[in-house]
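This report concerns only the one structure given below.
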Amino acid sequence: MASYEAIKNFDDDDDDVEMALPHTQISESRSASPSSTIAQTTPLHIHNVQEQPSISSRNQPLPQPQPQPQPQTKPPRLVSLDVFRGLTVALMILVDDAGGLIPALNHSPWNGLTVADYVMPFFLFIVGVSLALTYKKLSCRVDASRKAGLRALKLLVLGLFLQGGYFHRVSDLTYGVDIKQIRWMGILQRIALAYLVAALCEIWLKNDDTVNSGPSLLKKYRYQWAVALIISFLYLCLIYGLYIPDWSYQIQTEPSSEPKTFSVKCGVRGDTGPACNAVGMIDRTILGIQHLYRRPIYARMPECSINSPNYGPLPPDAPAWCQAPFDPEGLLSSVMAIVTCLVGLHYGHIIVHFKDHRVRIIYWMIPTSCLVVFGLALDLFGMHINKVLYTLSYMCVTAGVAGILFVGIYLMVDVCGYRRMTIFMEWMGMHALMIYILAACNVFPIFLQGFYWGSPHNNILKVIGVGT
């Protein structure tokens, strides 16, 4: 109850991430006035009553005590957001390590939704919420835009290094990448693109209107919603309107043999199957098929694997497209992923402008319910939920589920104060990028692989059964 009052009574000028600060600390920090500081820091002088001051000392004014400057403390973080981020990182590690053993933890081969398919939208949603808190107060829009561009560039370069092919799989004891075949897109590259667009929208596309209700909130950020609608409309026009011609690719089936050419027949519009969709065609045209992900997710479909839903040998009558490279973080699907980040930005705006728990939860649950219902309706009427294509139905359902989970964590951590049971997830959320690099990108396992006995294959990972 004490933490509830601390959050509810915050002024508009206070940083909203102060909700992690205990009530006693808030009261003490705000009740400390300059006069009380002076009274505590000025030493007490006791004068002898028989001692008469000199005439010169009577005429001189008494020295005024100088107020001590208050130390500036960094405002605490939004705890529920850190817990949500840490939970997403833990889910990502679980999916990477156990996805091959438990089908429910692995990505869906094509249409459909599994636990693993929520990881990317959760990250994008969290980025959006964080941006609203980061750019609550701006001193210079140009400087903020420059810093946002530099952060996005750092993420992009890091993604190229980690997922461009330089680090190989754990079972492969080599490293390095042929620039002619480097993978341009990836998880961090998609996050960098969504972060940059959402940050620029938050910096430049918001009015100075006062927010005191739901409609006024929409009015203040109406241009950001216009961007989300334009992106969604552009995506739908491209994925259902582009003509997909026939195409071919080459793949080396055996190390010593010549590359074999496969031809895929298309000649259609609006197809959302694995072979003839606009997402793959745009990537092949702009990026080049040699720069795409070489283990396509649809290779786990029954048409392409006798061990479906896992990878396996090709069936005798496998289609020609089963071995074609396809990037799950392609250009067109990454454009649609920006909308998820903008949805998270709206949830962050609610934190910024509304201080009461009840009001925040109501304004969160309204769009959350609409997104989930609308996404399921789209899937029912033929626009299937598909993570690889990042369809509109997939965006709506996953963003809505992210909102539900965020509200639940917010109630548990920031309203009820149950932080002890989530302290580990909070720590993971505060170090999410480091954990992602070391664990999810195999940097730490590859580091351990460098220590071996006699032969590089006799390493510690083989002893514990990793990468075999």
Do [X] and [Y] have side chains that get closer than 4.5 Å, going by heavy atoms?
| X | Y | answer |
| --- | --- | --- |
| L91 | V115 | yes |
| F406 | L81 | yes |
| V129 | F84 | no |
| S232 | V339 | yes |
| E329 | R183 | yes |
| I409 | M425 | no |

[X] side chain vs [Y] backbone, donor-acceptor pair below 3.5 Å:
| X | Y | value |
| --- | --- | --- |
| R300 | P309 | yes |
| E303 | C322 | no |
| S305 | G312 | yes |
| K355 | V352 | yes |
| R360 | F354 | yes |
| S108 | T114 | no |
| D283 | G280 | no |
| E426 | V79 | no |
| K220 | N207 | yes |
| S145 | R141 | yes |

Next on the checklist: My understanding is that only residues two or more places apart in sequence, or in another chain, count here; which of them pass ring-ring contact (aromatic ring centres under 6.0 Å, His included) with Y195?
Outcome noted: none

Checklist entry - What closest approach, in Å, do Y235 and L392 show between heavy atoms, and which atom pair accounts for it? => result CE2-N, 4.2 Å

Checklist entry - Can you name the residues that form a salt bridge (charged side-chain N to carboxylate O under 4.0 Å, His left out) with D143, not counting sequence neighbours? => result R146, K147

Item to check | salt bridge (charged side-chain N to carboxylate O under 4.0 Å, His left out) assessment of K136 paired with E202 | outcome: CA-CA 9 Å; K136 176 185 175 181; E202 181 66 8; over 6 Å; no

Next on the checklist: Does either side chain, that of R295 or that of Y311, offer a donor lying less than 3.5 Å from an acceptor on the other one?
Outcome noted: no

Show every donor-acceptor pair shorter than 3.5 Å between a side-chain atom in residues 363-382 and any protein atom, with sequence neighbours excluded, or say none if there are none.
{"unit_1": "Y363", "atom_1": "OH", "unit_2": "G214", "atom_2": "N", "d": "3.1"}
{"unit_1": "W364", "atom_1": "NE1", "unit_2": "Y347", "atom_2": "O", "d": "3.1"}
{"unit_1": "T368", "atom_1": "OG1", "unit_2": "Y347", "atom_2": "OH", "d": "2.3"}
{"unit_1": "T368", "atom_1": "OG1", "unit_2": "W364", "atom_2": "O", "d": "2.9"}
{"unit_1": "S369", "atom_1": "OG", "unit_2": "M365", "atom_2": "O", "d": "2.8"}
{"unit_1": "D379", "atom_1": "OD1", "unit_2": "I385", "atom_2": "N", "d": "2.9"}

Item to check | Within 6.0 Å of CZ in F424, more than 12 heavy atoms from elsewhere | outcome: no

Item to check | is_close_aromatic(H384, W110), centroid dist under 6.0 Å | outcome: no

Checklist entry - Which distance, rounded to the nearest 0.5 Å, do you find between the CG of L405 and the OG1 of T398? => result 12.5 Å

Checklist entry - After noting the C-alpha distance and the side-chain angles of D414 and S80, does the key distance pass the side chain to side chain donor-acceptor pair (under 3.5 Å) rule? => result CA-CA 6 Å; D414 290 316; S80 55; 2.6 Å; yes

